[in-house]
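Every chain is numbered from 1, with letters handed out A, B, ... down the list of sequences.
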Amino acid sequence: MHVDALIAPLLNGSAQGALLLLAALGLSLTFGQMGVINMAHGEFLMIGAFAAYLVQQVISASNLSIPVALPVAFVVAGLFGLLLEVTIIQWMYRRPLDTLLVTVGVGLILQQAALHIFPSQGVPVEKPGWLDGQLNILGYQWPLRQLFTIVLAAVCVAALAAWLKYSSFGRRIRATVHNRDLAETSGIPTRTVDRLTFFVGSGLAGVAGVAASLIGGTNSQMGAQYIIPAFLVVAAGGIGQLKGTILAGWAVGVALSFFAYWTTGSLAQVLAFILVIVFLQLRPQGLFTVRTRSLV
Amino acid sequence: MLELTDIEAGYGRTRVLHGVTVPSGKVVAVLGHNGAGKSTLLRLAIGLIKPSKGRVVLDGEDITSLAPNRRVARGMAYVPQGQQSFGQLTTLENLQLVADGRRGGKALIDAQMARFPALKQFAARKAGLLSGGQRQQLAIARALITEPKLLILDEPTEGIQPTIVAEIEQTIMQLAEEGINVLLVEQHIGFALEAAERYVVLSSGHVTQTGEGGKAATSTVRAAMAI
Amino acid sequence: MTGDSLVVTDLHVEFSGFVAVGGVSFDAHAGEVRFLIGPNGAGKTTCIDAITGLTKATGSARLGETELLGRQVHKIVRLGVGRTFQTASVFDELTVLQNLDIAAGRHRPAFSLLRARRGIDPSIERALEETGLTGELATPAGILSHGQKQWLEIAMLLVQDAKVLLLDEPVAGMSQDERTATGELLQRIAAKRIVLVVEHDMDFMRRFATRVTVLHQGKVLSQGTVAEVQADPKVQEVYLGTAGAATTAAMSVVPTVLDGPLASSPGVVAATLHGEED
Amino acid sequence: GCGARAGDEAAGSGTSAAPSCVDTSGNTIKLGFLNSLTGGMAISEKTVSNVLHMAADEINAGGGILGKKIAYIQEDGATDWPTFAEKTEKLLTQDCVAAIFGGWTSSSRKAVKPVVEKHNGLFFYPVQYEGLESSPNIYYTGATTNQQIIPAMDFLASKGVKKLFLAGSDYVFPRTANAIIKLYAAKLGIQIVGEEYVPLDKDDWTSQVAKIVAAKPDFIFNTINGSSNVGFIKAYYDAGLNAKTTPIISVSIAEEEAPAMGHEVTGHYASWNYFQSLKTPTNPKFIESWKAYPGSSGVTSDPMEAAYISLYLYKALVEAAGSFDVDAVNEAAKKNTITFDAPEGKVTLDGKNHHISKPGHIGQINSKNQFDIAWASDGFIKPDPYLEGYDWFPADIRKQLVDAAG
Amino acid sequence: MTKLKPWLSLSGIGVFAVLLLAVAPLMLTDHWLNNLGKYCCWAIAAVGIGLAWGRGGMLVMGQGVFFALGAYAMAMHLTLETAGDRIPGFMVLYDPLAPLPVFWEPFRSAGFTLLAIVVLPVVLAGVLGYALFKRRVKGAYFAILSQALAVALATLISSTIRETGGDTGLSDFKYFFGFVLNDPANKQLVFLIAATLLIVCLLAVWQLYRSRFGELLVATRDAEERVRFLGYDPANVKLVAFVVAALMASIAGAMFVPIVGIITPAEIGAAASILMIAGVALGGRASLFGPALGAMAVGWGQSSLGSTWPDGWTYILGLLFIVVILFLPNGLSSLPARFAAMRRSPERQTVPAVAAAELEEVRA
Ligand SMILES: Nc1ncnc2c1ncn2[C@@H]1O[C@H](COP(=O)(O)OP(=O)(O)OP(=O)(O)O)[C@@H](O)[C@H]1O
Ligand SMILES: Nc1ncnc2c1ncn2[C@@H]1O[C@H](COP(=O)(O)OP(=O)(O)OP(=O)(O)O)[C@@H](O)[C@H]1O
Ligand SMILES: NC(N)=O
Ligand SMILES: [Mg+2]
Ligand SMILES: [Mg+2]
């Protein structure tokens with residue numbers, strides 16, 4: 001076998017994993033930390049991608065527009081998340097499984113709205129010129145854009161980790177989720193914590209959307225293809241475990257890529273899913289686990 | 001300091017408290033049988049449930065509709081019934097959580113760890129793995145860290161070993177002497193009344209007796225509660 | 001009931017390096033109310049967890065000839081070992097009757113599950129009377145008060161027809177007269193079954209314990225009658241404190257009160273006891 | 001009660017179709033439009049639906065069909081093939097429409113086919129497809145393989161292509177088209193150096209493009225449908241491929257899709273019958289009407305034009321038959337030479353196989369996302385869905401297919 | 001939980017049976033009767049979901065998998081019946097020379113097909129459920145896993161176009177166990193079979209709900225670990241409900257095929273599986289009739305609202321999800337009880353205890 005046959009899937013897979021990780025990162029907050037099963041997360045990703053498109057309409061130089069689009073997408077998707085939290089989710093923290101169903105409804109509406117607002121065949125988002133080109137890795141011409149996805153994911157992960165670790169917020173989020181009443185009576189402004197967490201989690205989906213818009217189409221359907229894999233990544237990593245999410249994202253990406261290399265694109269999807277399902281059967285709590293003694 | 005006036009409250013359509021009035025006092029003990037509504041009253045005091053009628057007044061200010069965390073910011077602290085702590089956080093994180101943003105937070109934590117040695121020993125352990133009594137100690141420590149003006153305690157010594165019960169009882173007395181107000185639910189009537197300036201006996205959500213605390217009250221209260 | 005005893009020998013429980021229970025041995029028989037006490041974190045709950053299969057342990061815990069360790073939770077229950085929890089846990093959405101009916105179910109053949117319930121089992125009726133819950137038959141367990149839930153848990157053990165009842169702080173949060181009633185119930189039950197109680201309420205222990213084992217840091221510190229244990233200076237030091245020691249003298253009066261009817265102003269009895277504590 | 005059993009074939013399943021309930025007494029005639037307005041294919045089908053409305057408006061403005069105004073009923077296929085079947089049945093038996101227009105994917109057409117056959121209705125299908133099909137109840141106004149795929153292969157051969165890579169979506173059209181391409185490539189001496197499929201609803205082509213890079217083809221034959229094309233194009237450019245070294249020829253990228261790729265696609269090719277850039281007498285008017293039509297996307301494309309044709313073709317058929325009756329219409333198709341002055345030129349209906357003659361065109365994308373005509377067939381290509389005129393297509397397969405179709 | 005008198009539910013099923021089996025065939029056109037048949041199929045699957053989710057707390061988001069087993073077993077049989085001795089037409093298209101895939105062969109037999117429709121889901125759900133429940137996979141994990149399974153199966157079918165018909169699915173069936181499908185009389189027969197099966201399923205869960213098993217299931221839902229301490233293995237309790245639900249989904253799928261005349265991966269994938277849940281949520285997950293009626297309502301909404309307002313239907317569906325779950329967590333079937341409760345204004349009210357258990361599950 002040529003080295004290409006190993007290097008190419010490994011590098012491609014890492015980039016694919018990075019995108020999955022980006023999509024999953026926000027979920028690891030809203031799902032992993034807050035316990036909200038947001039099936040509209042994919043649509044927030046779509047919102048991020050459309051935001052990138054709108055930024056490009058204003059700043060036509062794509063060299064500049066993508067760097068500008070990243071924070072814009074973060075804020076726009078974050079605001080949508082905030083809106084969702086304030087209007088719906090806040091009433092449902094005690095019924096997490098039901099958040100799944102409600103947000104399915106929200107996702108449907110957002111998709112249809114996107115179909116109404118934007119041209120049905122989707123909108124173009126252009127890659128900046130500085131991402132043209134490839135890097136020669138052991139003879140394999142590795143697309144720069146893939147490197148960009150990885151760097152972007154790394155930056156987001158680092159920022160999130162730092163935020164959770166060095167600000168008191170990480171503790172507050174976990175405390176709020178674990179026992180809302182107790183947190184509230186411990187002086188934690190749980191509503192602010194909820195909103196901020198949801199804002200950041202959804203905002204990260206927006207950032208993932210910008211990355212996704214450089215890979216595929218920007219249209220009403222784009223979010224749907226990320227939602228289940230992203231949830232699987234969070235679950236496989238161990239709910240609430242950032243390092244688990246990172247590892248799982250990368251592993252699923254690489255597995256997908258190798259499977260696609262050895263079999264077909266369709267079969268790769270199936271195999272990757274089965275892999276995660278079997279893994280979760282073996283380790284139901286994911287890669288990293290927290291156990292408590294609480295019974296019921 | 002804290003006055004509850006003519007409170008009606010409950011859960012959903014269930015009414016639990018019927019026109020309950022609790023006077024203010026340095027240490028106020030709330031006594032009563034199982035299910036009398038004691039915990040409900042304390043939850044109402046900290047703001048976890050809102051009364052359908054009546055007023056909650058703190059230092060002359062109506063706080064009836066203030067959220068719990070705002071009440072904490074005004075110097076109230078609450079130890080709920082049942083050894084509650086944040087199970088996914090370590091013991092230390094449980095304490096940091098409330099110490100965050102307070103001046104001398106580190107020293108406050110150390111002080112509580114000195115009071116409850118088990119917390120120091122198991123600082124890095126997830127609170128969910130602690131024993132019941134250890135969790136209860138943690139809950140009390142969390143409340144004390146905030147250096148409250150008003151401490152609300154719901155059966156604080158439940159599940160705690162006798163030596164530490166004594167320690168906690170001493171602490172409560174000491175805090176009261178330092179001028180910190182305490183609203184206390186306690187099944188150890190003897191202690192509760194000794195510490196209390198005033199007491200209230202609840203029965204099925206009605207106040208059946210109130211009075212001055214002190215040892216002398218013990219027998220009258222017991223008589224009242226036995227009925 | 002058979003004369004089987006619960007014999008725990010050299011029980012060890014370790015949590016990733018931390019020894020929670022380090023070689024505990026004790027036994028319990030029908031006809032006595034066995035108490036397990038000790039400081040917070042001594043390993044009492046962990047012992048019960050180990051016996052009931054919730055936590056992995058080494059050593060041995062036998063019920064008669066049968067080794068309990070290493071079996072699955074529900075299998076241990078089927079051998080007749082029942083327990084309550086430090087925080088009461090009942091099925092909130094089901095009524096008291098439904099709770100009890102499920103608890104009584106382990107003796108029924110699997111297929112009978114597919115039939116609807118007709119009438120009330122006599123065993124359930126008895127348990128309801130014992131615990132004074134008859135009036136709450138149709139009440140959803142979720143809205144019972146704290147103490148009633150604990151009674152319901154005990155009633156569930158009764159209808160389960162458990163040979164061994166492991167009770168983790170059964171009277172926490174109860175008022176004095178409620179404690180007395182519970183204690184008397186336990187004494188009645190203990191005639192034919194093995195009853196092991198974990199409690200921090202020393203008054204309660206003094207009144208109802210026949211034999212006591214004191215745990216400290218995962219080891220047995222002392223063992224014997226209430227008087228013996230209370231007199232043990234090590235126990236006083238780590239657990240009872242001076243307050244506990246001071247009441248030692250008073251305990252001898254307790255057993256005489258026990259035979260009296262519940263209605264004989266339990267509050268007053270407790271008052272005497274408690275008063276001396278201070 | 002029990003109805004016919006397998007043995008009672010004599011009674012015939014054809015006669016079991018209830019008599020048509022089409023009401024021709026009034027001064028309107030009901031037609032059904034069936035397009036996916038929701039779901040994944042809405043991306044493509046909304047435009048087709050829109051242009052059908054435009055054609056209906058035009059015909060109504062011109063006096064209607066046989067003097068009756070068209071009253072159309074728009075249904076949503078929802079990108080769900082069973083829904084296509086259900087709506088077809090509803091249009092035929094509840095709304096009693098005289099004919100149905102729409103569909104995009106071959107899967108949707110295959111869902112509609114048994115239903116229109118059962119109820120003896122009419123379905124007009126406007127998109128290029130994989131051929132090897134015919135039905136008395138379906139009229140195909142898009143290209144069959146010998147009007148799009150085969151011209152494309154001829155074009156590649158003429159360019160001296162030796163190594164070809166096939167990239168497609170994972171469903172019936174690309175799979176079948178590629179099967180045919182492989183047969184023809186063998187005959188042309190073109191080597192197929194790889195074949196990759198990705199599900200219709202997946203965008204990420206990274207892994208597959210890496211394989212293309214490794215295979216070093218001269219040309220890529222693209223049978224991807226829908227927005228998956230965008231992912232393909234992006235991965236293609238990411239990998240450093242370009243139109244000079246490894247050009248792409250597509251059969252589903254038209255004027256509407258080209259600007260939505262997020263990368264300029266100048267220099268690549270597409271094989272269609274109609275392009276907006278075609279210089280025909282009727283094209284300017286078509287373009288203009290469309291640009292002025294509410295909800296217009298501003299550009300015209302082949303599937304739109306084929307949809308536009310379908311309605312006019314129906315009008316011509318009905319007027320030739322003098323009736324809306326399906327059997328009469330089919331009869332008229334066989335007896336008369338039905339033509340229409342389409343934007344792609346004057347198309348002629350083949351009354352036997354229900355396809356139309358079409359000009360073959362290869363366009364090359366220019367910087368305005370329009371197509372410069374790079375190759376054109378000699379005149380109109382007669383439709384040959386079963387490739388009977390092509391000796392490289394195995395006769396036994398053809399026979400099996402025809403048999404299976406019944 | 002409000003407990004209706006048993007005869008009330010039973011007579012409800014009776015009325016429902018009369019409506020479906022006698023009134024509907026007389027009143028409805030062939031088209032709408034056929035549609036009603038389709039809704040019945042969804043209702044059958046929904047009854048199973050109500051059992052597994054409403055009573056058992058398992059949010060089965062991948063019922064499409066079991067729906068697929070029944071549907072494809074049936075579709076393969078009907079395809080072979082239609083093709084006779086020949087290889088099915090679509091297979092010729094992709095690879096004319098290859099023989100019929102081996103796993104198709106047994107489906108020539110009607111008996112085997114019927115058996116497969118029952119046995120396949122039982123075996124798969126049994127194995128799957130055993131593996132998951134013994135490992136204590138639950139809550140959101142279970143929901144996401146089951147959904148992923150449905151997506152995986154749908155993708156697998158899409159990508160094996162020659163073996164399964166791929167994305168296009170299987171369609172164009174001429175016969176149904178010897179009966180000509182195009183004959184309206186036979187179509188009515190198929191409808192009656194589906195409607196009867198729905199009634200049977202309703203009767204089955206009616207008995208399950210009033211049985212001790214029903215109570216045990218609720219107990220397991222609310223406090224799974226606690227059930228262990230009463231001597232039951234909750235995994236087995238859940239397994240029974242899961243398997244029964246799977247069986248119902250399979251039966252639903254099997255009847256869907258002759259009624260609708262086509263089966264595709266889209267009918268079993270994520271969206272379809274969620275739509276099944278939508279009906280159950282709308283009707284009331286824990287009630288007897290709620291799931292079935294909810295599923296029929298969603299089916300009807302899709303057919304009729306989808307026609308009158310094609311691109312608005314999605315908005316309605318989305319809003320339906322939001323409004324019902326947000327304001328009526330126990331579905332429309334809880335409305336009467338709510339009104340009644342409002343009038344009686346009882347002293348006590350059940351606490352929403354599911355919440356706490358669920359919260360724990362998601363985090364567990
Ligand atoms: N969430 C709730 N929903 C409905 N009723 C409740 C709820 N919590 C408590 N109750 C009811 O309110 C009444 C008072 O309960 P509360 O917990 O205040 O009693 P308590 O005096 O603290 O008893 P204990 O000594 O057992 O702690 C009881 O009847 C209880 O069943
Ligand atoms: N899963 C676990 N992982 C780590 N440590 C544990 C775990 N479970 C228990 N422990 C530790 O084991 C020790 C014994 O706990 P246990 O709950 O048995 O105490 P206990 O005697 O019941 O105390 P209490 O009277 O406070 O209820 C405690 O220090 C506790 O923190
Ligand atoms: N016919 C097609 N493009 O599916
Ligand atoms: Mg209380
Ligand atoms: Mg304990």
Side-chain angles (χ1 to χ4, degrees), chain B residues 11-12 14 16 31-40 81-84 116-118 121-122 125 129-138 154-155 157-167 169 185-195 204 215 218-219 221-227, chain C residues 15-16 18 20 37-46 85-88 143-151 168-169 171-179 198-203 236-245 247 263-271 273-278:
Chain B
Y11 305 91
T14 320
V16 173
L31 308 168
H33 279 295
N34 250 287
K38 306 182 294 294
S39 298
T40 308
Q81 189 172 15
Q83 307 156 344
Q84 297 190 42
F116 302 110
Q121 189 187 349
F122 299 117
R125 184 170 294 179
L129 300 177
L130 294 177
S131 84
Q134 290 164 345
R135 277 203 304 275
Q136 183 67 8
Q137 295 170 26
L138 178 57
D154 197 347
E155 308 202 15
T157 59
E158 190 180 301
I160 289 187
Q161 68 187 72
T163 47
I164 297 181
V165 168
E167 152 91 28
E169 289 178 352
V185 169
E186 181 53 83
Q187 295 291 2
H188 286 231
I189 299 179
F191 164 70
L193 289 177
E194 185 188 331
S204 308
K215 280 195 178 187
T218 311
S219 53
V221 171
R222 283 192 199 285
M225 280 183 65
I227 302 162
Chain C
F15 299 108
S16 47
F18 175 81
I37 63 170
N40 293 128
K44 305 178 296 294
T45 302
T46 309
F85 293 87
Q86 213 162 336
T87 40
I143 66 172
L144 291 179
S145 86
H146 188 75
Q148 283 175 320
K149 279 186 194 166
Q150 276 169 310
W151 275 324
D168 202 351
E169 307 199 12
V171 299
M174 288 190 185
S175 61
Q176 293 300 337
D177 48 351
E178 289 162 335
R179 286 171 201 233
V198 172
E199 253 307 331
H200 287 296
D201 181 350
M202 289 303 102
D203 298 332
Q236 290 179 6
E237 186 197 329
V238 304
Y239 186 62
L240 297 172
T242 47
T247 46
S264 73
S265 59
V268 180
V269 173
L273 287 171
H274 205 90
E276 282 172 31
E277 190 184 286
D278 312 6

Counting distance only, does the side-chain N/O of C:Glu199 pair as donor-acceptor with the main-chain N or O of C:Val171 below 3.5 Å? yes
Structural part of C:Val238 lying under 4.5 Å from a heavy atom of chain B: backbone
C:Glu237 portion near chain B, given a 4.5 angstrom heavy-atom threshold: backbone
Applying side chain to side chain donor-acceptor pair (under 3.5 Å), can you list everything that pairs with B:Asp154, at least two apart in sequence or on another chain? B:Ser39
Please classify the contact between B:Glu167 and chain C as side chain, backbone, both or neither, with a heavy-atom cut-off of under 4.5 Å. neither
Only counting residues at least two apart or in another chain, list the ones meeting side chain to side chain donor-acceptor pair (under 3.5 Å) with B:Gln134. B:Ser131
Answer yes or no for B:Arg125 and C:Phe15: cation-pi contact, defined as NZ/CZ to six-membered ring centre under 6.0 Å and angle to ring axis within 45°. no
Most heavy-atom pairs under 4.5 Å with chain C, out of B:Ile160, B:Val185, B:Ile164, belong to B:Ile160
